[in-house]
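Only one structure is covered here, and it is reproduced in the block below.
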Amino acid sequence: LVGQAATMRDQQAALALLCALLGGAFILRFSRSLKVRLFDKDFAYLTCLTNRVIEGLFFGVLVLTVLVSVRVKGVVLMSALFIFPAISARLLGSNFQRILGLAALIGGACGCGGLLISNASAFALTSGEGHSLWLPTGPLIVLLLVACFSCVLLFSPKEGLCIRALRRAAFMRRCQAENMLKVMWKE
């Protein structure tokens, strides 16, 4: 359920890297077809871009990535790594390439950050009797992903909740000023 992210072996890391390279090469090669096929199936049908082979390969790479990663990372971490970077990137970006890049950057940064915090806590929290306390890597990565998503949700330039509240307050002030002018004009 939670995996063993801190105990990854060299073979597992090499297999994960191979899957990442395969998935990245596939997305770069077929990005135009994937964009059309995944986001607008009706348009893809009209333009004859309904290539079942590309769609099958996409889902094959996705399944291979999940199968390789779920043993190491666990179901909870894999779910978080699939959902939170994509949602955060969608709130920040508007086109497909930018969303992909941002999602990879967010996922990688939170993964590295969780690993670094976990390793630093193992050294910093050593007690006097020789017992060491450490924070588990997987939950730290999930916490960083949730924190990153929360910050993006609050402060996103286009759709952030704080930005919306500021825009709404400015709109209400303009409406009140206009209404005041209308009342003064009528008198």
Side-chain angles (χ1 to χ4, degrees), residues 1-39 54-125 133-161:
L1 184 63
V2 293
Q4 298 291 329
T7 61
M8 182 184 274
R9 296 186 181 176
D10 291 340
Q11 298 89 357
Q12 293 166 334
L15 190 57
L17 178 65
L18 179 67
C19 284
L21 292 175
L22 179 67
F26 177 78
I27 287 174
L28 286 176
R29 169 65 179 93
F30 296 110
S31 67
R32 184 171 303 241
S33 299
L34 282 173
K35 280 189 276 189
V36 172
R37 182 72 180 135
L38 293 174
F39 293 113
I54 292 175
E55 190 174 294
L57 285 173
F58 172 73
F59 288 115
V61 168
L62 182 66
V63 167
L64 181 65
T65 303
V66 170
L67 287 176
V68 166
S69 303
V70 85
R71 182 170 179 250
V72 174
K73 297 176 183 157
V75 174
V76 175
L77 183 57
M78 279 303 299
S79 300
L81 282 171
F82 270 119
I83 294 169
F84 287 115
I87 293 173
S88 300
R90 178 65 183 100
L91 289 172
L92 293 172
S94 57
N95 67 11
F96 186 65
Q97 298 296 335
R98 186 168 185 183
I99 291 172
L100 279 178
L102 284 171
L105 183 68
I106 290 168
C110 290
C112 289
L115 184 63
L116 290 173
I117 292 171
S118 176
N119 286 338
S121 72
F123 293 114
L125 298 176
L133 303 171
W134 61 278
L135 301 172
T137 307
L140 279 174
I141 293 171
V142 173
L143 287 175
L144 286 176
L145 287 167
V146 169
C148 179
F149 170 71
S150 299
C151 289
V152 168
L153 183 63
L154 288 174
F155 304 113
S156 172
K158 288 189 285 186
E159 301 178 32
L161 297 177

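By convention here, the first residue in the shown sequence is residue 1.
- Between Pro157 and Leu92, the shortest heavy-atom distance links the atoms CD-CD2, 4.1 Å.
- In the displayed structure, Asp10 atom CG is contacted under 6.0 Å by at most 12 heavy atoms of other residues, nucleotides or ligands.
- Rounding to the nearest 0.5 angstrom, the gap separating the CG atom in Leu116 from the OG1 atom in Thr137 is 10.0 Å.
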List the atom pairs, with distances to 0.1 Å, where a side-chain N or O of residues 144-156 and a protein N or O form a donor-acceptor pair under 3.5 Å, not counting sequence neighbours.
residue: Ser150; atom: OG; partner: Val146; partner atom: O; Å: 2.8
residue: Ser156; atom: OG; partner: Leu91; partner atom: O; Å: 2.9

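- Rounding to the nearest 0.5 Å places CZ of Phe26 at 10.5 Å from CG of Leu62.
- Taken to the nearest 0.5 Å, the CG atom of Leu64 stands 8.0 Å off from the CG atom of Leu18.
- For the atom pair CD1 (Ile117) and SG (Cys110), the distance works out to 9.5 Å, reported to the nearest 0.5 Å.
- Across all non-hydrogen atoms, the minimal contact from Ala89 to Ala103 is CB-N, 3.5 Å.
- Taking CD1 of Ile83 as the reference point, atom CE of Met78 lies at 10.5 Å (rounded to 0.5 Å).
- From Leu81, atom CG reaches atom CD1 of Ile106 across 12.0 Å, with rounding to the nearest 0.5 Å.
- By the side chain to side chain contact (heavy atoms under 4.5 Å, CB included) test, Leu143 is found to be paired with no residue, residues two or more places apart in sequence or in another chain being considered.
- Not counting sequence neighbours, Arg29 has no partner by the side chain to side chain contact (heavy atoms under 4.5 Å, CB included) test.
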